[in-house]
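Here's the structure, in structure tokens; my notes come after.
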There are 4 protein chains.
Amino acid sequence: MASRGVNKVILVGNLGNDPEIRYMPSGGAVANITIATSESWRDKNTGEQREKTEWHRVALFGKVAEVAGEYLRKGSQVYIEGQLQTRKWQDQNGQERYTTEVVVQGFNGTMQMLGGRQGGGQGMGAPSQGGGQQQGNWGQPQQPAAQQQNNFAPQQQSAPQQQAPAQQPQQQYNEPPMDFDDDIPF
Amino acid sequence: MASRGVNKVILVGNLGNDPEIRYMPSGGAVANITIATSESWRDKNTGEQREKTEWHRVALFGKVAEVAGEYLRKGSQVYIEGQLQTRKWQDQNGQERYTTEVVVQGFNGTMQMLGGRQGGGQGMGAPSQGGGQQQGNWGQPQQPAAQQQNNFAPQQQSAPQQQAPAQQPQQQYNEPPMDFDDDIPF
Amino acid sequence: MASRGVNKVILVGNLGNDPEIRYMPSGGAVANITIATSESWRDKNTGEQREKTEWHRVALFGKVAEVAGEYLRKGSQVYIEGQLQTRKWQDQNGQERYTTEVVVQGFNGTMQMLGGRQGGGQGMGAPSQGGGQQQGNWGQPQQPAAQQQNNFAPQQQSAPQQQAPAQQPQQQYNEPPMDFDDDIPF
Amino acid sequence: MASRGVNKVILVGNLGNDPEIRYMPSGGAVANITIATSESWRDKNTGEQREKTEWHRVALFGKVAEVAGEYLRKGSQVYIEGQLQTRKWQDQNGQERYTTEVVVQGFNGTMQMLGGRQGGGQGMGAPSQGGGQQQGNWGQPQQPAAQQQNNFAPQQQSAPQQQAPAQQPQQQYNEPPMDFDDDIPF
DNA sequence: TTTT
DNA sequence: TTTT
């Protein structure tokens, strides 16, 4: 029990897409979201305004994944606290690849929806909000946004949560990496 | 100027190797280190103690890189505050690859050496640390640990630092991705 | 269940004194420590080096309080993650007073001892730490440092921990404010 | 230059009142705001839902203070990153008192407005939004919200900012503590 | 590859 | 009151 070291990530940004929800054989939910953070500055040489957006891959597990699936949408602004985790996987050519994600799981992380009642995903990294009369980025619980058909395990999660390994169902699956959205560069 | 969103990483861990120092054409220093954080827990099924170590790739720029090169060594314990950044590069087969790093640069991050030489502990009657052999993982400034021969730009760093683009020398180089150590899996 | 908003404090510093340990009627441990963080800078006008130390009052509850009592001592370096909490109390003149503390409790916080016994530094040829006298600010578990005689509840703690109210024994006591050390200015 | 230790506070919450803006003799702006964070949980004994709100006093300096004065209003949701600082002052009876604040200053902190375009301060700790047709908690820059007549220095700020003492105008004034709002308990 |  |  316990952990040695600190591994903490804090993000505030907007979702680039609706969450993708999957369920593990154990029944536990997993939500994958991508979050944009950006910085803007005036270029010292050209004098023009510039902006750079960083995209973060976030994986939420358990209860917080269910909440994400119900309430978060493309453009939603969120606060994320989680841990860095790098997964190894094999691409179609059998080559080893690595993907780094922010994992929100158990007591090791948290997710907070921000800006309740705000209208739209015009922010930062969020393009137009497909769909006509949609008012906000959350509100009433809805049908899961991007529920997947396949129920295989999305990510191997063999680490415990900090301070409370016992209460947290461990994921023990080692499935191939899922398909990612093509419009976000990873 | 300014930034929209929050992108922050906080790590406390130990270096897996001596820092690798490089210099950009501009003369700015870059230090690459890998930091281990770990968690241990008792397996619910087998009852045995388990441990998982996460390795983090950290890139420090400028003054903080020089300090890292002088004082940090394999095994050194550090506090790191930086930002997540994912770089795209091409592997030898021309395939796109992505690497995520924690970037410490300008006012957007900080590095603190931990546990060095503080051994005092007067509350317990611990003796002063005077004595011959080197005590900790740092002490006197030294020769750079792992200075590289090649001086080309190691990472593209086109983003500004938060709130202070002007004071921070921007790296404007777009060099090919540097060779990474082959013995570190990312 | 759940929380709205984020309330997080991160400290790395050294203890100004041995921890003070108390026990609540429920048997739960409470540790009070003070942590120093400091900044130094060169005065723009006089050109001289200046330093300012900030002292933080930290209250730890439960298991983490027991660990603090066993292993931490005056001078120990620690990483603290907790929440800000302001308590109201009456001074001897019946005047309302407020004290702000960093509370570490349940899954809402963590404490990490830093720099202990890690002295390895194989990268520099540093020798092993074997040797007689106590080396650092912690080592073997010991007798509680500053155990108090009075066992009444030290602080009212009516807030739940984030995300896990059920697993964490709540302190339900509303005792008069404890006597604070007179030699610490808050 | 530099700092020893880490002193960091991260808050996400809503303003309890409009910001109070003051200007120092040097012309630098200071904004004082109070931020609510809250937690709710189900009482284990009574089974009823309970909630506890924590109020945080935040002082912003310089440019970020001006932005706060222009855009933040009672009910606004913000992300705050700053440092803990405890000030000593004398009450009307000549007694020493201490007030702990979160200080956002220079490169040592940041403020992010959240939920752009959202309508109203109904959140958490924010009562009704006085004033008829007001749409959001920010939008167009406006007249400073609660500009003070007196221009004396609000808080002594003798500490430097981390890593950049030179660029930051130091406040050198030691004025009496300002009056606080009576409707927020400190 | 670190550390305990 | 700590630490460097």
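In this text, all values refer to a predicted model and were calculated from it rather than measured experimentally. Each chain gets a letter, A, B and so on, in the order the sequences are listed, and its residues count up from 1.
In this structure, the nucleotide among E:dT3, F:dT2, E:dT1 sitting nearest to the side chain of C:Trp55 is F:dT2. In this structure, the nucleotide among F:dT1, E:dT1, E:dT4 sitting nearest to the side chain of B:Glu51 is E:dT4. Distance from the side chain of B:Asn17 is smallest to E:dT1 among F:dT1, E:dT1, E:dT2. Of the candidate nucleotides E:dT1, F:dT1, E:dT3, E:dT1 has the atom lying nearest to any side-chain atom of B:Thr34. When each of F:dT4, F:dT1, E:dT2 is scored by its nearest atom to the side-chain atoms of D:Arg4, the top-ranked nucleotide is F:dT4.
Separating the CG atom of C:Leu11 from the P atom of F:dT1 is a distance of 21 Å, rounded to the nearest angstrom. At whole-Å resolution of the value, CD in C:Glu39 and P in F:dT3 are 19 Å apart. Between B:Asn14 atom CG and E:dT4 atom C1' there is a gap of 9 Å when expressed in whole angstrom units. One atom, NZ of B:Lys52, and another, C1' of E:dT2, lie 15 Å apart when rounded to the nearest Å. To the nearest angstrom, P of E:dT2 lies 20 Å from CG of C:Leu114. Put simply, OH on C:Tyr79 is 20 Å from C1' on F:dT2, counting in whole angstrom units. Between C:Met113 atom CE and F:dT2 atom P there is a gap of 21 Å when expressed in whole angstrom units. Atom C1' of nucleotide E:dT1 and atom CG of B:Asp18 are separated by 11 Å, given to the nearest angstrom.
With sequence neighbours excluded, the residues satisfying side-chain contact (heavy atoms from CB on, under 4.5 Å) with B:Glu54 are A:Asn7, A:Gln85, A:Thr86, B:Thr37, B:Lys52, B:His56. Residues forming a side-chain contact (heavy atoms from CB on, under 4.5 Å) with B:Thr53 (at least two apart in sequence, or on another chain): B:Ala36, B:Ser38, B:Glu51, B:Trp55.
Residue-level contact check: C:Thr53 touches the bases, meaning some heavy atom is under 4.0 Å from a base atom.
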I'd like to know whether B:Val9 forms a side-chain contact (heavy atoms from CB on, under 4.5 Å) with A:Ile10, so could you lay out the CA-CA distance, the side-chain angles of the two residues, the decisive distance to 0.1 Å, and finally the verdict. CA-CA 6 Å; B:Val9 180; A:Ile10 290 171; over 6 Å; no
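Here the side chains of C:Gln112 and B:Val12 are not in contact, with every heavy-atom distance at 4.5 Å or above.
In terms of heavy-atom proximity, C:Tyr98 sits nearest to C:Trp89 at C-NE1, 3.9 Å.
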